[in-house]
Structure formats: structure tokens, C-alpha cells
Amino acid sequence: MAEFKHKDIIALQDLTQQEIELLLSTAESMREINNRDIKKVPTLRGKTIINLFYESSTRTRTSFELAAKRLSADTVNISPSTSAATKGETLADTALNLLAMKPDIIVMRHAVSGSHELLAKKVPCSVVNAGDGAHEHPSQGLLDMLTMKDRFGRLDGLKVAIVGDITHSRVARSNIQGLTKLGSHIFLAGPPTMMPPGVERLGNVTVCGSLHEAIQDADVVMMLRIQQERQGKTLMPNAREYARYFGLNPENLKLAKPGAMVMHPGPINRGVEMSSSVVDGDQSWILKQVENGVAVRMAMLYHVCGGDLE
Ligand code: CP
């Protein structure tokens, strides 16, 4: 059995295949706790976790908080609008001040790629990445992999299409890093303005000329959100044009394998990335992704705390 020796979880790029498999199998065990009447175990009793979110979040922040609480850790949430960041305090100063209060883990989301790496070098407590700019979103990558494993029982040999704004997507980057280590083949499609040059070098990745080419015979179709907030200028003519060429609808979904799973990290721009009938259709695994997010984050918190606590 692999051991997990990392103080921090910053990126799936840093983890081995065995470490990713360990996190996924721990998440599978954690799931049972989430289905109990009393959803609480003492595993992280006495640990203090600070959730420091400099960007908005519904799914990630709520599920990291629930994950900590279900493992009996004490949690504190800090958002930029109510923190001293509004008064110009730097991230490093905020971190050192929080550290003086002796947290065991800081879970952070930040708009700047690489900010977690800097933080992790400055603080002795664990740092868990809840999304850094367009770099990585490791907990999302893990929950996506867990959901695919639920459907297929394996990740090896899967054809996974990822469609949309690849350039600005930390979700795409984490999935590419994790899935290629576990033997999946990734097919990317998106407008040329949203496709980073050299992305093929990240792993077992094929860049396709169209959505149709990417999703043909796919086991998994993962649609990405258009990240207007990270696009300095708009990179598409308009939402209707985008939906016409890169939107998933019941008609083009037929190109994928029968019963292919449809995924989206959320939040969804309904009618742009996907039609509502696909979002709510019987091939959609989107809410299962959200459900798995709690178990995956429990596993991450557990392993950065040493993985052998009560
Ligand atoms: N998928 C995801 O990161 O969603 P939130 O922005 O709501 O956390």
C-alpha cells in the first residue's frame, strides 16, 4: 500500500499514480460516513483548519468545510471581503498572522497561479489547494476521477473528452495530470483562442479540431465553464456562436459512446456550454461529482494530517 508523505497538496502534477490511487481509495471509504444518520467521526478531533478563499466558491468551500466538520476538526472560514486583505495586507502577512493562531491546515483558493507553492514554503502547517488561478484544482480533479471510477470501475483506457476554455481551466489541468497518470487518454476541444499551445506535452493528450472529433466514441464528456473573469478580453464572438460550435446538446452527445457520462465542474452557464436537457438528463453525473467532493476532501485532509490519526 502506498504511503502519503506530503505536507501539502498543491497539484496532482506533484503526486504519483500510487498516491492518487491512495487518495481515491480513502475517499471511497470516507463515503460511508457521509451516508450515516450521524455524519461525524473523531478522526481529526483537535485539528484546526482555516478555509481562506480569495475567490468565490459554492461547491469547493462548502465541501471542504463539511469534510472538516465530519472528521471533527474545528474550522474557520475567511473571505476577502471581510478580511484585512481589503486593507492591503499581503498574502504572506495574512498567512503569518493566521499561523500565529496555530492552524494545522490552511485550505486556500487564490486567483494567482503558484500562490500556494509560495505559501507552503512560508508556513509549517499543511496547505491544500482549493484552486489557484489557471494552474490546478486538485480536489476537483480527484472528485472527477472518483466519479469516473464509480461509473466504469477503472480509469485505465478511458477516452475522456474535455471541451471548452482549456487555457483558463485549472480543472482541465488537474484532470489531465491525474487521468493520464492513471491511464486515460484525453481529447481536448475548444476555440483556438482558448487552447494553450503545447498542451499535448502535459500527458496522454490529443488536441482535436472540433467538439465532434473530441467526443466521438468518448466514455466521458467533460464540459468546462467559460471563465469570463480570467479572460482579459473576450475570446469568443458571443455565447450563441460558442454554443453552436462547442456546446453539448442531445444531438451531438449521440456521437459519444452509448451511455457516456456527462460531467461539468460547475457553475454551469446553461445554454452555453450545455443545453439544460443534457445538464438534467440521465447521462449527467454532475450532482454525483458534487457528492463525491465531500469524500475526496475528507481524504485529502486526512492524509495531509498523517493519515493514521484516531
Ligand atoms: N467546481 C468548483 O470549483 O466550483 P466552486 O467554484 O463553486 O467551488
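For clarity, every value in this text was computed on a predicted model and none was experimentally measured. When reading the values below, keep in mind they use all heavy atoms of this one structure, side chains included, and skip hydrogens, waters and symmetry mates.
- In this structure, the side chains of Phe246 and Pro191 come closer than 4.5 Å at one or more pairs of heavy atoms.
- More than 12 heavy atoms of other residues, nucleotides or ligands lie within 6.0 Å of CD in Gln283, so this atom counts as buried by the packing criterion.
- When atom types are taken as modelled, the side chain of Asp132 and the backbone of His116 share no donor-acceptor pair closer than 3.5 angstrom.
- Under the 3.5 Å distance criterion, the side-chain polar atoms of Ser113 are matched with a main-chain donor or acceptor of Ala134.
- The side-chain heavy atoms of Leu188 and Val199, taken from C-beta on, include a pair separated by under 4.5 Å.
- Val220 and Phe187 are not part of a single hydrophobic cluster, where members link through side-chain heavy atoms under 4.5 Å apart.
- In the hydrophobic clustering of this structure, Leu66 does not group with Ile106; members are Ile, Leu, Val, Met, Phe, Trp, Tyr whose side-chain heavy atoms approach within less than 4.5 Å, directly or through other members.
- By the criterion of side-chain heavy atoms lying less than 4.5 angstrom apart, applied directly or through intervening Ile, Leu, Val, Met, Phe, Trp or Tyr residues, Ile105 is not grouped with Ile78; the two fall into different hydrophobic clusters.
- Connection of Val171 to Ile10 is not established within any shared hydrophobic cluster, with ILVMFWY side chains joined at heavy-atom distances below 4.5 Å, either directly or through further cluster members.
- Closest of all the heavy-atom pairs between Leu143 and Gly293 is CD2-CA, 3.7 Å.
- For the pair Lys47 (side chain) and Pro103 (backbone), a donor-acceptor distance under 3.5 Å is absent.
- Thr58 places none of its side-chain heavy atoms less than 4.5 Å from the side chain of Pro267.
- A distance of 9.0 Å separates OG of Ser139 from CD1 of Ile9, quoted to the nearest 0.5 Å.
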Working for side-chain contact (heavy atoms from CB on, under 4.5 Å), residues Leu12 and Glu136: CA-CA 8 Å; Leu12 295 191; Glu136 274 222 36; 3.7 Å; yes
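- In terms of heavy atoms, Ser276 sits closest to Arg270 at OG-NH1, 3.0 Å.
- With respect to the salt-bridge test (charged N to carboxylate O, under 4.0 angstrom), the residues Glu32 and Arg70 do not qualify.
- Looking at Asn77, its side chain never comes within 3.5 Å of a backbone N or O of Ile50 through a donor-acceptor pair.
- Asn129 has its side chain out of reach of Glu117: every pair of non-hydrogen atoms, C-beta onward, lies at least 4.5 Å apart.
- In this structure, OG in Ser277 is found 9.0 Å from CG in Leu248, a value given to the nearest 0.5 Å.
- In this structure, CE on Met300 lies 7.5 Å from CZ on Phe4, to the nearest 0.5 angstrom.
- A salt bridge is absent between Lys121 and Asp8: the closest approach of a Lys/Arg side-chain nitrogen to an acidic carboxylate oxygen does not fall below 4.0 angstrom.
- Salt-bridge annotation for Asp93 and Lys122: absent, with no side-chain N of the basic residue lying under 4.0 Å from a carboxylate O of the acidic one.
- Side chain of Arg109 to backbone of Leu52: no donor-acceptor contact under 3.5 angstrom is found.
- Residue-environment remark: CZ (Arg240) stays at or below the threshold of 12 foreign heavy atoms within 6.0 Å.
- Ion pair Glu28/Lys149 flagged as a salt bridge, since at least one NZ, NE, NH1 or NH2 atom sits closer than 4.0 Å to an Asp/Glu carboxylate oxygen.
- Screening Asp144, Asp150, Thr147 against Gln289 for a side chain to side chain donor-acceptor pair (under 3.5 Å) leaves a single residue, Asp144.
- Between the Asn238 side chain and the Glu241 main chain, a donor and an acceptor come within less than 3.5 Å of each other.
- For the residue pair Lys159 and Ala214, the shortest heavy atom distance occurs at CE-O, 3.4 Å.
- Closest of all the heavy-atom pairs between Pro124 and Leu99 is CD-CD2, 3.3 Å.
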side-chain contact (heavy atoms from CB on, under 4.5 Å) between His185 and Val160, worked out: CA-CA 6 Å; His185 190 161; Val160 180; over 6 Å; no
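- The closest side-chain heavy-atom distance from Asp74 to Ile49 is not below 4.5 Å.
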Verdict with supporting geometry, His264 and Glu273, side chain to side chain donor-acceptor pair (under 3.5 Å): CA-CA 9 Å; His264 192 298; Glu273 295 112 38; 2.9 Å; yes
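- Side-chain contact between Val278 and Leu253 is present, with heavy atoms from C-beta onward closer than 4.5 Å.
- Enclosure of atom CZ in Arg154 by more than 12 non-hydrogen atoms of other residues, nucleotides or ligands within 6.0 angstrom is indicated.
- Residues Glu65 and Arg61 are not paired through a salt bridge, judged by the lack of any N-O separation under 4.0 Å between the basic side chain and the carboxylate.
- A salt bridge links Lys257 to Asp219: at least one charged side-chain nitrogen sits closer than 4.0 Å to a carboxylate oxygen.
- Panel note: side chain Thr94, backbone Thr90; a donor-acceptor pair is recorded below 3.5 Å.
- The two residues Leu202 and Arg173 make their nearest non-hydrogen contact at CD1-CG, 4.1 Å.
- Side chain of Arg59 to backbone of Gln140: no donor-acceptor contact under 3.5 angstrom is found.
- To the nearest 0.5 Å, atom CE of residue Met274 and atom OG of residue Ser284 are 5.5 Å apart.
- At distances below 3.5 Å, at least one donor-acceptor pair connects side-chain atoms of Lys181 with backbone N or O atoms of Leu15.
- Taking CZ from Arg170 and CG from Asn175, the interatomic distance works out to 13.5 Å, rounded to the nearest 0.5 Å.
- Minimum interatomic distance between Thr60 and Ala130 (heavy atoms only, all atoms of both residues): CG2-CB, 3.8 Å.
- To the nearest 0.5 Å, atoms CE (Met195) and SG (Cys208) are separated by 8.0 Å.
- Between the side chain of Thr75 and the backbone N or O of Ala68, no donor-acceptor pair lies under 3.5 Å.
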Audit row: Met222, Met148, side-chain contact (heavy atoms from CB on, under 4.5 Å) steps and yes/no: CA-CA 11 Å; Met222 183 184 293; Met148 291 178 214; 3.6 Å; yes
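- The shortest side-chain heavy-atom distance between Leu91 and Tyr54 falls under the 4.5 Å cut-off.
- Note on Leu146 and Ile162: same hydrophobic cluster, where clusters join Ile, Leu, Val, Met, Phe, Trp and Tyr whose side-chain heavy atoms are under 4.5 Å apart, directly or indirectly.
- Cation-pi check for Arg297 over Phe64 is met; the charged atom lies under 6.0 angstrom from the ring centroid and within 45 degrees of its normal.
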CA sep, side-chain torsions, deciding dist, call: Leu224, Ser169, side-chain contact (heavy atoms from CB on, under 4.5 Å): CA-CA 8 Å; Leu224 300 173; Ser169 178; 3.7 Å; yes
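- Looking at heavy atoms from C-beta onward, Leu179 lies out of side-chain contact with Leu158 at the 4.5 angstrom threshold.
- In this model, no donor atom of one side chain and acceptor atom of the other lie less than 3.5 Å apart for Glu55 and His110.
- Arg201 CZ: 12 or fewer foreign heavy atoms inside a 6.0 Å radius.
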